[in-house]
Visitor: 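Below you'll find the structure I mean.
Because the structure is predicted, anything quoted here is derived from the model rather than measured. All values below were derived from every heavy atom in this structure, side-chain atoms included, with hydrogens, water molecules and symmetry-related copies excluded. Indexing begins at 1, ligand by ligand and atom by atom, following the structure's order.
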Amino acid sequence: MKTKDIMARLQAKYPGENEYLQAVQEVLESIEDVYNQHPEFERAKIVERMVEPDRIFTFRVTWVDDRGEVQTNTGYRVQFNSAIGPYKGGLRFHRAVSPSMLKFLGFEQTFKNALTTLPMGGAKGGSDFDPAGKSNEEIMRFCQAFMLELWNCIGPDQDIPAGDVGVGGREIGYLYGMYKKLARQYNTGVLTGKGATWGGSILRPEATGFGALYFTHYLLEKAGKDLKNCKIAVSGFGNVAWGAATKATELGAKVVTISGPDGYIYDPAGISGEKIDYMLELRASGNDVCQPYAEEFPEATFYEGKKPWEVKCDIALPCATQNELNGDDADMLMANKTLCVAEVSNMGCTAEAVDKFIAAGQLFAPGKAVNAGGVATSGLEMTQNAIRLSWSAKEVDEKLHYIMHSIHEQCVKYGKTDDGYVNYVKGANIAGFMKVANAMMAQGIV
Ligand code: GLU
(Lines give C-alpha, C1' and ligand atoms only; values in the text may rest on other atoms or scores of the structure.)
Protein backbone atom coordinates (compact mmCIF):
# COMPACT_ATOMS: atom_id res chain seq x y z
CA MET A 1 0.00 0.00 0.00
CA LYS A 2 1.27 3.45 -0.89
CA THR A 3 -0.39 6.39 0.85
CA LYS A 4 0.38 8.60 -2.16
CA ASP A 5 -1.47 6.33 -4.61
CA ILE A 6 -4.52 5.88 -2.42
CA MET A 7 -4.71 9.60 -1.72
CA ALA A 8 -4.45 10.42 -5.44
CA ARG A 9 -7.40 8.10 -6.10
CA LEU A 10 -9.47 9.58 -3.27
CA GLN A 11 -8.67 13.16 -4.30
CA ALA A 12 -9.88 12.44 -7.83
CA LYS A 13 -13.01 10.73 -6.56
CA TYR A 14 -13.88 13.23 -3.80
CA PRO A 15 -12.48 16.60 -4.92
CA GLY A 16 -12.89 19.33 -2.35
CA GLU A 17 -13.68 16.98 0.55
CA ASN A 18 -10.71 18.47 2.37
CA GLU A 19 -11.44 17.48 5.96
CA TYR A 20 -12.13 13.89 4.97
CA LEU A 21 -8.97 13.72 2.83
CA GLN A 22 -6.91 15.26 5.65
CA ALA A 23 -8.15 12.71 8.20
CA VAL A 24 -7.51 9.77 5.86
CA GLN A 25 -4.05 10.99 4.90
CA GLU A 26 -2.97 11.30 8.53
CA VAL A 27 -4.06 7.75 9.35
CA LEU A 28 -2.56 6.21 6.19
CA GLU A 29 0.81 7.89 6.77
CA SER A 30 0.87 6.49 10.31
CA ILE A 31 -0.01 2.92 9.39
CA GLU A 32 1.82 2.50 6.07
CA ASP A 33 4.85 0.63 7.47
CA VAL A 34 2.85 -1.67 9.72
CA TYR A 35 0.34 -2.35 6.97
CA ASN A 36 3.02 -3.37 4.52
CA GLN A 37 4.26 -5.98 6.96
CA HIS A 38 0.89 -7.75 6.55
CA PRO A 39 0.46 -8.99 2.97
CA GLU A 40 -2.89 -10.51 3.99
CA PHE A 41 -4.22 -6.95 4.60
CA GLU A 42 -3.18 -5.97 1.09
CA ARG A 43 -4.85 -9.06 -0.43
CA ALA A 44 -8.11 -8.27 1.41
CA LYS A 45 -7.85 -4.58 0.37
CA ILE A 46 -8.36 -3.57 3.98
CA VAL A 47 -7.35 0.05 3.49
CA GLU A 48 -9.48 0.55 0.37
CA ARG A 49 -12.48 -0.80 2.27
CA MET A 50 -11.75 1.05 5.49
CA VAL A 51 -11.59 4.55 3.98
CA GLU A 52 -15.10 4.27 2.48
CA PRO A 53 -18.13 4.53 4.76
CA ASP A 54 -20.38 1.45 4.78
CA ARG A 55 -23.26 3.75 3.82
CA ILE A 56 -24.49 7.35 4.06
CA PHE A 57 -28.11 8.36 4.56
CA THR A 58 -28.95 11.84 3.28
CA PHE A 59 -32.37 13.36 3.87
CA ARG A 60 -34.33 16.60 3.71
CA VAL A 61 -35.45 18.06 7.03
CA THR A 62 -38.33 20.50 6.79
CA TRP A 63 -39.65 22.43 9.77
CA VAL A 64 -41.53 25.64 10.54
CA ASP A 65 -39.82 28.51 12.39
CA ASP A 66 -41.41 30.83 14.98
CA ARG A 67 -42.50 33.31 12.30
CA GLY A 68 -44.41 30.54 10.54
CA GLU A 69 -41.89 30.31 7.72
CA VAL A 70 -40.95 26.97 6.24
CA GLN A 71 -37.27 26.06 6.62
CA THR A 72 -35.37 23.31 4.86
CA ASN A 73 -32.11 21.74 5.96
CA THR A 74 -30.18 18.63 5.01
CA GLY A 75 -29.69 15.75 7.46
CA TYR A 76 -27.10 12.97 7.29
CA ARG A 77 -26.05 9.78 9.00
CA VAL A 78 -22.72 8.30 7.97
CA GLN A 79 -22.44 4.66 9.09
CA PHE A 80 -18.73 4.24 8.66
CA ASN A 81 -17.57 0.88 9.97
CA SER A 82 -19.18 -1.91 12.00
CA ALA A 83 -16.24 -4.33 12.31
CA ILE A 84 -16.06 -4.18 16.09
CA GLY A 85 -19.64 -3.32 17.02
CA PRO A 86 -22.82 -1.41 16.13
CA TYR A 87 -22.39 2.05 14.59
CA LYS A 88 -21.71 4.65 17.27
CA GLY A 89 -21.06 8.37 17.14
CA GLY A 90 -22.55 11.79 17.65
CA LEU A 91 -24.79 14.18 15.74
CA ARG A 92 -23.49 17.64 14.86
CA PHE A 93 -25.83 20.56 14.19
CA HIS A 94 -23.80 23.39 12.67
CA ARG A 95 -24.15 25.57 9.58
CA ALA A 96 -20.86 24.20 8.15
CA VAL A 97 -21.90 20.52 8.31
CA SER A 98 -21.23 18.77 4.98
CA PRO A 99 -20.68 15.20 3.78
CA SER A 100 -16.92 15.83 3.92
CA MET A 101 -17.07 16.93 7.55
CA LEU A 102 -19.20 13.97 8.62
CA LYS A 103 -17.05 11.50 6.68
CA PHE A 104 -13.94 12.82 8.43
CA LEU A 105 -15.67 12.58 11.79
CA GLY A 106 -17.06 9.09 11.11
CA PHE A 107 -13.64 7.88 9.98
CA GLU A 108 -11.95 9.29 13.11
CA GLN A 109 -14.73 7.85 15.26
CA THR A 110 -14.03 4.35 13.98
CA PHE A 111 -10.46 4.41 15.33
CA LYS A 112 -11.36 6.34 18.46
CA ASN A 113 -14.05 3.85 19.38
CA ALA A 114 -11.61 0.99 18.76
CA LEU A 115 -9.22 2.58 21.27
CA THR A 116 -11.84 2.70 24.04
CA THR A 117 -11.63 -1.11 24.51
CA LEU A 118 -15.44 -1.24 24.07
CA PRO A 119 -17.28 -2.97 21.18
CA MET A 120 -18.44 0.03 19.13
CA GLY A 121 -18.20 0.68 15.40
CA GLY A 122 -17.89 4.20 13.97
CA ALA A 123 -20.55 6.64 12.75
CA LYS A 124 -21.39 10.33 12.65
CA GLY A 125 -24.36 12.38 11.59
CA GLY A 126 -25.95 15.76 11.77
CA SER A 127 -27.30 18.65 9.81
CA ASP A 128 -26.41 22.07 8.41
CA PHE A 129 -29.09 23.44 10.77
CA ASP A 130 -27.63 26.42 12.69
CA PRO A 131 -28.81 26.40 16.32
CA ALA A 132 -27.45 29.92 16.99
CA GLY A 133 -30.27 32.28 17.94
CA LYS A 134 -33.00 29.63 17.65
CA SER A 135 -35.75 29.46 20.25
CA ASN A 136 -36.31 26.35 22.35
CA GLU A 137 -39.45 25.57 20.32
CA GLU A 138 -37.56 25.86 17.05
CA ILE A 139 -34.89 23.50 18.34
CA MET A 140 -37.60 21.02 19.35
CA ARG A 141 -39.39 21.19 16.02
CA PHE A 142 -36.14 20.75 14.16
CA CYS A 143 -35.10 17.73 16.28
CA GLN A 144 -38.53 16.14 15.72
CA ALA A 145 -38.35 16.70 11.96
CA PHE A 146 -34.81 15.31 11.89
CA MET A 147 -35.88 12.14 13.74
CA LEU A 148 -38.83 11.68 11.39
CA GLU A 149 -36.24 10.67 8.78
CA LEU A 150 -33.58 9.09 10.98
CA TRP A 151 -35.57 6.71 13.19
CA ASN A 152 -35.61 3.89 10.66
CA CYS A 153 -31.82 3.84 10.34
CA ILE A 154 -30.95 3.55 14.03
CA GLY A 155 -31.51 1.14 16.94
CA PRO A 156 -29.81 -0.03 20.16
CA ASP A 157 -28.05 -2.92 18.36
CA GLN A 158 -27.69 -1.13 15.05
CA ASP A 159 -26.65 2.50 15.30
CA ILE A 160 -26.61 4.64 18.45
CA PRO A 161 -26.32 8.42 17.92
CA ALA A 162 -25.31 10.88 20.65
CA GLY A 163 -24.42 14.56 20.99
CA ASP A 164 -21.65 16.59 19.39
CA VAL A 165 -21.27 20.28 18.52
CA GLY A 166 -24.75 21.87 18.72
CA VAL A 167 -26.37 18.75 20.18
CA GLY A 168 -26.53 18.38 23.98
CA GLY A 169 -28.89 16.90 26.56
CA ARG A 170 -31.84 19.04 25.47
CA GLU A 171 -31.60 17.97 21.82
CA ILE A 172 -31.10 14.30 22.77
CA GLY A 173 -34.31 14.54 24.81
CA TYR A 174 -36.34 15.88 21.88
CA LEU A 175 -34.81 13.32 19.51
CA TYR A 176 -35.54 10.46 21.91
CA GLY A 177 -39.12 11.56 22.52
CA MET A 178 -39.84 11.56 18.78
CA TYR A 179 -37.99 8.25 18.23
CA LYS A 180 -40.29 6.47 20.71
CA LYS A 181 -43.36 7.90 19.09
CA LEU A 182 -42.32 6.77 15.62
CA ALA A 183 -40.64 3.43 16.34
CA ARG A 184 -42.87 2.31 19.24
CA GLN A 185 -39.67 0.99 20.79
CA TYR A 186 -38.95 1.99 24.35
CA ASN A 187 -35.39 0.74 24.68
CA THR A 188 -33.36 3.60 26.13
CA GLY A 189 -30.20 2.30 24.44
CA VAL A 190 -31.01 3.88 21.06
CA LEU A 191 -29.35 7.21 21.94
CA THR A 192 -26.73 8.18 24.50
CA GLY A 193 -26.31 11.42 26.39
CA LYS A 194 -29.81 11.09 27.88
CA GLY A 195 -30.82 12.72 31.17
CA ALA A 196 -29.73 10.76 34.27
CA THR A 197 -33.33 10.01 35.33
CA TRP A 198 -34.37 8.53 31.97
CA GLY A 199 -31.56 6.20 31.02
CA GLY A 200 -28.57 8.53 30.89
CA SER A 201 -25.27 7.76 32.57
CA ILE A 202 -24.05 9.84 35.46
CA LEU A 203 -20.92 11.75 34.35
CA ARG A 204 -21.68 11.51 30.61
CA PRO A 205 -21.91 15.33 30.23
CA GLU A 206 -18.51 15.77 31.92
CA ALA A 207 -16.87 12.67 30.44
CA THR A 208 -15.10 14.12 27.36
CA GLY A 209 -13.45 16.87 29.41
CA PHE A 210 -12.72 14.64 32.42
CA GLY A 211 -11.26 11.90 30.20
CA ALA A 212 -9.10 14.47 28.41
CA LEU A 213 -7.61 15.63 31.71
CA TYR A 214 -6.97 12.04 32.84
CA PHE A 215 -5.19 11.45 29.55
CA THR A 216 -3.20 14.69 29.93
CA HIS A 217 -2.19 13.54 33.41
CA TYR A 218 -0.78 10.25 32.01
CA LEU A 219 0.88 12.15 29.17
CA LEU A 220 2.69 14.47 31.60
CA GLU A 221 3.44 11.69 34.06
CA LYS A 222 5.18 9.66 31.35
CA ALA A 223 7.30 12.75 30.58
CA GLY A 224 8.12 13.17 34.29
CA LYS A 225 5.90 16.25 34.70
CA ASP A 226 2.89 17.18 36.83
CA LEU A 227 -0.43 18.87 36.05
CA LYS A 228 -0.57 20.65 39.38
CA ASN A 229 -0.06 24.42 39.16
CA CYS A 230 0.08 24.32 35.36
CA LYS A 231 -1.44 27.24 33.46
CA ILE A 232 -3.86 25.96 30.82
CA ALA A 233 -5.17 27.63 27.67
CA VAL A 234 -8.55 26.18 26.68
CA SER A 235 -10.48 27.07 23.53
CA GLY A 236 -14.25 26.85 23.13
CA PHE A 237 -16.82 27.29 25.90
CA GLY A 238 -19.17 24.38 25.21
CA ASN A 239 -19.73 21.12 27.00
CA VAL A 240 -16.22 19.81 26.35
CA ALA A 241 -14.40 22.97 27.48
CA TRP A 242 -16.64 23.07 30.55
CA GLY A 243 -15.76 19.48 31.56
CA ALA A 244 -12.07 20.11 30.92
CA ALA A 245 -12.05 23.32 32.99
CA THR A 246 -13.89 21.60 35.85
CA LYS A 247 -11.46 18.67 36.07
CA ALA A 248 -8.35 20.79 35.44
CA THR A 249 -9.29 23.04 38.37
CA GLU A 250 -10.02 20.02 40.57
CA LEU A 251 -6.57 18.61 39.79
CA GLY A 252 -4.88 21.85 40.86
CA ALA A 253 -4.23 23.48 37.48
CA LYS A 254 -5.39 26.97 36.43
CA VAL A 255 -7.45 27.52 33.27
CA VAL A 256 -6.86 31.06 32.01
CA THR A 257 -8.67 31.18 28.66
CA ILE A 258 -11.85 30.18 26.87
CA SER A 259 -12.89 31.22 23.38
CA GLY A 260 -15.72 31.53 20.89
CA PRO A 261 -16.10 32.43 17.22
CA ASP A 262 -15.94 36.10 18.35
CA GLY A 263 -12.53 35.94 20.08
CA TYR A 264 -11.06 34.76 23.37
CA ILE A 265 -11.25 35.59 27.05
CA TYR A 266 -8.09 35.84 29.17
CA ASP A 267 -8.74 35.58 32.87
CA PRO A 268 -5.43 35.60 34.78
CA ALA A 269 -7.23 34.85 38.06
CA GLY A 270 -8.30 31.47 36.66
CA ILE A 271 -11.65 30.23 35.40
CA SER A 272 -13.01 28.28 38.35
CA GLY A 273 -16.10 27.96 40.59
CA GLU A 274 -18.95 30.28 39.55
CA LYS A 275 -17.01 31.23 36.42
CA ILE A 276 -17.19 27.65 35.19
CA ASP A 277 -20.93 27.66 35.92
CA TYR A 278 -21.17 30.87 33.89
CA MET A 279 -19.83 28.98 30.86
CA LEU A 280 -23.04 26.93 30.93
CA GLU A 281 -25.11 30.12 30.96
CA LEU A 282 -23.13 31.49 28.02
CA ARG A 283 -23.77 28.28 26.10
CA ALA A 284 -27.46 28.20 27.02
CA SER A 285 -27.91 31.75 25.70
CA GLY A 286 -27.51 30.21 22.23
CA ASN A 287 -25.62 33.23 20.86
CA ASP A 288 -22.27 31.50 20.34
CA VAL A 289 -20.19 34.41 21.68
CA CYS A 290 -17.90 34.55 24.73
CA GLN A 291 -17.47 38.33 25.05
CA PRO A 292 -20.18 38.67 27.78
CA TYR A 293 -17.79 36.83 30.17
CA ALA A 294 -15.59 39.96 30.33
CA GLU A 295 -18.64 42.09 31.23
CA GLU A 296 -19.68 39.64 33.96
CA PHE A 297 -16.13 39.29 35.37
CA PRO A 298 -14.26 42.61 34.82
CA GLU A 299 -10.86 41.17 35.85
CA ALA A 300 -10.94 39.27 32.53
CA THR A 301 -10.08 40.73 29.11
CA PHE A 302 -11.75 39.96 25.79
CA TYR A 303 -9.53 39.80 22.68
CA GLU A 304 -11.71 40.19 19.62
CA GLY A 305 -11.08 37.94 16.61
CA LYS A 306 -8.04 36.28 18.23
CA LYS A 307 -7.25 32.74 19.34
CA PRO A 308 -6.01 31.85 22.82
CA TRP A 309 -2.78 30.19 21.58
CA GLU A 310 -0.92 33.49 21.87
CA VAL A 311 -1.22 33.34 25.68
CA LYS A 312 1.84 31.93 27.44
CA CYS A 313 0.73 28.67 29.03
CA ASP A 314 2.04 25.26 30.15
CA ILE A 315 -0.70 23.22 28.51
CA ALA A 316 -2.87 23.94 25.47
CA LEU A 317 -6.21 22.20 25.16
CA PRO A 318 -8.06 22.90 21.90
CA CYS A 319 -11.67 22.08 22.83
CA ALA A 320 -13.65 23.82 20.07
CA THR A 321 -13.58 22.42 16.53
CA GLN A 322 -11.46 20.96 13.71
CA ASN A 323 -8.41 22.82 12.42
CA GLU A 324 -8.66 25.49 15.12
CA LEU A 325 -4.89 25.44 15.76
CA ASN A 326 -2.67 26.03 12.72
CA GLY A 327 1.06 26.01 11.93
CA ASP A 328 1.59 29.60 13.15
CA ASP A 329 -0.21 28.82 16.40
CA ALA A 330 2.00 25.75 16.81
CA ASP A 331 5.12 27.92 16.37
CA MET A 332 3.81 30.38 18.94
CA LEU A 333 3.05 27.66 21.50
CA MET A 334 6.47 26.09 21.06
CA ALA A 335 8.24 29.48 21.25
CA ASN A 336 6.42 29.95 24.57
CA LYS A 337 7.79 26.56 25.73
CA THR A 338 4.36 24.96 26.19
CA LEU A 339 4.85 21.61 27.96
CA CYS A 340 2.13 19.76 26.11
CA VAL A 341 -0.66 20.17 23.60
CA ALA A 342 -3.55 17.73 23.98
CA GLU A 343 -6.14 17.94 21.22
CA VAL A 344 -9.58 17.61 22.77
CA SER A 345 -11.60 18.64 19.72
CA ASN A 346 -11.70 16.20 16.80
CA MET A 347 -8.73 16.99 14.49
CA GLY A 348 -8.31 20.30 16.32
CA CYS A 349 -4.88 20.89 14.78
CA THR A 350 -4.12 21.32 11.09
CA ALA A 351 -1.82 18.76 9.45
CA GLU A 352 0.88 21.45 9.35
CA ALA A 353 0.62 22.06 13.10
CA VAL A 354 0.79 18.33 13.86
CA ASP A 355 3.84 17.89 11.59
CA LYS A 356 5.57 20.77 13.35
CA PHE A 357 4.87 19.35 16.79
CA ILE A 358 6.14 15.89 15.87
CA ALA A 359 9.23 17.20 14.05
CA ALA A 360 10.15 19.30 17.10
CA GLY A 361 9.60 16.44 19.57
CA GLN A 362 6.81 18.43 21.23
CA LEU A 363 4.61 16.48 23.65
CA PHE A 364 1.42 16.23 21.61
CA ALA A 365 -1.57 13.87 21.62
CA PRO A 366 -4.37 13.61 19.03
CA GLY A 367 -8.10 14.00 19.58
CA LYS A 368 -9.01 10.41 18.86
CA ALA A 369 -7.05 9.39 21.99
CA VAL A 370 -7.52 12.45 24.20
CA ASN A 371 -11.28 12.93 23.73
CA ALA A 372 -12.29 9.25 23.64
CA GLY A 373 -13.63 9.47 27.20
CA GLY A 374 -16.86 10.94 25.85
CA VAL A 375 -17.80 8.12 23.56
CA ALA A 376 -16.36 5.61 26.04
CA THR A 377 -18.85 6.84 28.64
CA SER A 378 -21.55 6.59 25.98
CA GLY A 379 -20.48 2.95 25.72
CA LEU A 380 -20.87 2.65 29.49
CA GLU A 381 -24.34 4.24 29.15
CA MET A 382 -25.25 1.57 26.58
CA THR A 383 -24.11 -1.15 28.99
CA GLN A 384 -26.21 0.29 31.81
CA ASN A 385 -29.21 0.51 29.47
CA ALA A 386 -28.71 -3.11 28.39
CA ILE A 387 -28.57 -4.44 31.95
CA ARG A 388 -31.26 -1.95 33.08
CA LEU A 389 -29.19 -0.61 35.93
CA SER A 390 -27.54 2.72 36.76
CA TRP A 391 -24.02 2.87 38.09
CA SER A 392 -22.86 5.42 40.65
CA ALA A 393 -20.58 8.34 39.74
CA LYS A 394 -17.73 6.47 41.44
CA GLU A 395 -18.25 3.34 39.34
CA VAL A 396 -18.43 5.30 36.08
CA ASP A 397 -15.42 7.46 36.98
CA GLU A 398 -13.32 4.40 37.84
CA LYS A 399 -14.15 2.79 34.51
CA LEU A 400 -13.39 6.05 32.68
CA HIS A 401 -10.01 6.24 34.43
CA TYR A 402 -9.24 2.66 33.46
CA ILE A 403 -10.20 3.30 29.82
CA MET A 404 -8.11 6.49 29.51
CA HIS A 405 -5.16 4.70 31.08
CA SER A 406 -5.56 1.84 28.63
CA ILE A 407 -5.74 4.25 25.65
CA HIS A 408 -2.55 5.92 26.84
CA GLU A 409 -0.82 2.52 27.13
CA GLN A 410 -1.90 1.55 23.60
CA CYS A 411 -0.51 4.83 22.23
CA VAL A 412 2.82 4.28 23.99
CA LYS A 413 3.01 0.66 22.81
CA TYR A 414 2.62 1.58 19.13
CA GLY A 415 4.05 5.11 19.19
CA LYS A 416 7.33 4.75 21.09
CA THR A 417 10.35 5.72 19.00
CA ASP A 418 13.95 4.57 19.51
CA ASP A 419 15.00 7.81 21.18
CA GLY A 420 12.25 7.52 23.80
CA TYR A 421 9.87 10.10 22.24
CA VAL A 422 6.29 8.88 22.02
CA ASN A 423 4.58 9.76 18.76
CA TYR A 424 1.01 9.64 20.07
CA VAL A 425 -0.44 10.31 16.62
CA LYS A 426 1.19 7.21 15.21
CA GLY A 427 0.47 5.22 18.36
CA ALA A 428 -3.25 6.02 18.38
CA ASN A 429 -3.64 5.45 14.65
CA ILE A 430 -1.82 2.11 14.59
CA ALA A 431 -3.54 0.78 17.74
CA GLY A 432 -7.00 1.67 16.41
CA PHE A 433 -6.23 0.46 12.93
CA MET A 434 -4.90 -2.95 14.02
CA LYS A 435 -8.02 -3.67 16.03
CA VAL A 436 -10.40 -2.76 13.20
CA ALA A 437 -8.25 -4.43 10.50
CA ASN A 438 -8.02 -7.72 12.41
CA ALA A 439 -11.78 -7.74 12.97
CA MET A 440 -12.39 -7.08 9.27
CA MET A 441 -10.02 -9.90 8.35
CA ALA A 442 -11.87 -12.33 10.63
CA GLN A 443 -15.26 -11.41 9.10
CA GLY A 444 -14.37 -12.08 5.46
CA ILE A 445 -14.88 -9.98 2.36
CA VAL A 446 -18.12 -8.12 3.08
N1 GLU B 1 -19.43 13.36 19.66
C2 GLU B 1 -18.59 12.69 20.60
C3 GLU B 1 -17.31 12.25 19.92
O4 GLU B 1 -16.83 12.94 19.03
C5 GLU B 1 -19.32 11.59 21.36
C6 GLU B 1 -19.93 10.52 20.51
C7 GLU B 1 -20.79 9.52 21.30
O8 GLU B 1 -20.89 9.66 22.52
O9 GLU B 1 -21.31 8.61 20.65
O10 GLU B 1 -16.68 11.28 20.22
Side-chain angles (χ1 to χ4, degrees), residues 19 23 76-82 84-94 97 101-127 150 154-156 158-169 171-172 175-176 188-195 199-212 215 236 238-244 318-322 324 342-348 366-385 396 399-400 403-404 407 428 432:
E19 291 139 330
Y76 308 90
R77 185 70 179 166
V78 179
Q79 296 185 335
F80 219 102
N81 189 297
S82 65
I84 64 166
Y87 301 105
K88 179 80 194 95
L91 297 172
R92 179 173 292 195
F93 292 169
H94 189 275
V97 161
M101 189 191 287
L102 297 179
K103 277 167 69 183
F104 123 62
L105 289 162
F107 182 72
E108 292 273 302
Q109 197 82 42
T110 301
F111 300 102
K112 183 198 309 196
N113 293 3
L115 289 171
T116 64
T117 73
L118 304 174
M120 301 183 288
K124 202 85 186 192
S127 173
L150 186 69
I154 60 173
Q158 189 181 350
D159 182 351
I160 306 94
D164 195 79
V165 174
V167 178
E171 289 74 13
I172 293 296
L175 290 163
Y176 181 57
T188 49
V190 65
L191 289 161
T192 60
K194 301 177 293 292
S201 176
I202 293 185
L203 282 193
R204 176 62 190 89
E206 297 86 339
T208 310
F210 278 24
F215 193 94
N239 174 58
V240 174
W242 164 74
C319 293
T321 193
Q322 66 276 356
E324 55 170 312
E343 203 181 51
V344 194
S345 42
N346 291 310
M347 207 165 76
K368 60 172 84 68
V370 179
N371 75 27
V375 72
T377 308
S378 275
L380 300 177
E381 182 170 329
M382 287 161 64
T383 306
Q384 294 168 76
N385 295 158
V396 177
K399 289 182 170 63
L400 177 59
I403 289 169
M404 297 317 294
I407 296 173

Visitor: Please could you name the atoms of ligand 1 that Lys124 approaches to less than 4.0 Å, counting only its heavy atoms?
Guide: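 Taking each heavy atom of Lys124 in turn, ligand 1 has 1 (N), 3 (C), 4 (O) under 4.0 Å.
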
Visitor: In terms of side-chain heavy atoms, does Gln322 have a donor or acceptor partner in Ser345 at a distance below 3.5 Å?
Guide: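 No, because no side-chain N or O of Gln322 sits under 3.5 Å from a partner of the opposite role on Ser345.
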
Visitor: Side chain or backbone of Arg204 under 4.0 Å from ligand 1, or both, or neither, by non-hydrogen atoms?
Guide: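 Side chain only.
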
Visitor: Considering only the protein, which heavy-atom contact is closest to atom 4 (O) of ligand 1, and what is its distance?
Guide: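 Protein heavy atom with the smallest distance to atom 4 (O) of ligand 1: Lys112 NZ, 3.0 Å.
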
Visitor: For Ala207 and Gly373, which heavy atoms make the closest approach, and how far apart are they?
Guide: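 Reported closest heavy-atom pair: CB-O, 3.6 Å.
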
Visitor: Apply side-chain hydrogen bond (donor to acceptor under 3.5 Å, both in side chains) to Lys112 and Asn371, showing your working.
Guide: CA-CA 8 Å; Lys112 183 198 309 196; Asn371 75 27; 2.9 Å; yes

Visitor: Can we call the ring centroids of Phe107 and Phe80 under 6.0 Å apart?
Guide: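 Yes; Phe80 has its ring centre under 6.0 Å from that of Phe107.
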
Visitor: What residues, two or more places apart in sequence or in another chain, satisfy salt bridge (charged side-chain N to carboxylate O under 4.0 Å, His left out) together with Lys88?
Guide: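 Salt bridge (charged side-chain N to carboxylate O under 4.0 Å, His left out) check on Lys88 returns nothing, list empty.
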
Visitor: Give the residue and atom name of whichever protein heavy atom lies nearest to atom 9 (O) of ligand 1, and the separation in Å to one decimal.
Guide: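 Looking only at protein heavy atoms, the one closest to atom 9 (O) of ligand 1 is Lys88 NZ, 2.7 Å.
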
Visitor: Under a 4.0 Å threshold between the charged nitrogen and the carboxylate oxygen, would Glu381 count as salt-bridged to Arg204?
Guide: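 Not counted as a salt bridge, because no side-chain N and carboxylate O are separated by less than 4.0 Å.
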
Visitor: To which protein heavy atom is atom 1 (N) of ligand 1 closest, and what is the distance rounded to 0.1 Å?
Guide: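 Going atom by atom, the protein heavy atom closest to atom 1 (N) of ligand 1 ends up being Asp164 OD1, 2.7 Å.
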
Visitor: Look at the side chain of Glu324 and the backbone N and O of Gly348, then say whether any donor-acceptor pair between them is shorter than 3.5 Å.
Guide: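 Between the backbone of Gly348 and the side chain of Glu324 there is no qualifying donor-acceptor contact (under 3.5 Å).
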
Visitor: Does at least one non-hydrogen atom of Gly163 fall below 4.0 angstrom from an atom of ligand 1?
Guide: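 Per 4.0 Å heavy-atom rule, Gly163 contacts ligand 1.
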
Visitor: With a 4.0 Å cut-off on heavy atoms, is Gln109 in contact with ligand 1?
Guide: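 The answer is yes: ligand 1 sits under 4.0 Å from a heavy atom of Gln109.
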
Visitor: Enumerate the atoms of ligand 1 whose separation from the nearest heavy atom of Ala162 is less than 4.0 angstrom.
Guide: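 The atoms of ligand 1 under 4.0 Å from a heavy atom of Ala162 are 7 (C), 8 (O), 9 (O).
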
Visitor: How does Met120 reach ligand 1, by side chain, by backbone, by both or by neither, if only non-hydrogen atoms under 4.0 Å count?
Guide: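 The answer is neither; Met120 stays 4.0 Å or more away.
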
Visitor: Using a strict cut-off of 4.0 Å, indicate which atoms of ligand 1 neighbour a heavy atom of Gly89.
Guide: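 Near Gly89, the atoms of ligand 1 are 9 (O).
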
Visitor: First locate atom CG of Leu102, then atom CD of Glu19, and finally report the distance between them rounded to the nearest 0.5 Å.
Guide: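 Between Leu102 CG and Glu19 CD, I get 9.0 Å after rounding to 0.5 Å.
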
Visitor: Heavy-atom pairs closer than 4.0 Å: do any link ligand 1 to the side chain of Thr377, the backbone, both, or neither?
Guide: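 Answer for Thr377: neither.
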
Visitor: Of all the heavy-atom pairs spanning Arg77 and Ala123, show the shortest one and how long it is.
Guide: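 For Arg77 versus Ala123, the nearest heavy atoms are NH2-CB, 3.4 Å.
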
Visitor: What is the nearest protein non-hydrogen atom to atom 8 (O) of ligand 1, stated with its residue, atom name and distance?
Guide: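 That would be Ser378 OG, 2.5 Å.
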
Visitor: Please list the nearest protein heavy atom to atom 6 (C) of ligand 1 with its residue and the distance rounded to 0.1 Å.
Guide: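 Heavy-atom neighbour on the protein nearest atom 6 (C) of ligand 1: Gly90 N, 3.6 Å.
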
Visitor: Where does Arg92 meet ligand 1, judged by heavy-atom distances below 4.0 Å: at the side chain, the backbone, both, or neither?
Guide: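 Answer for Arg92: neither.
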
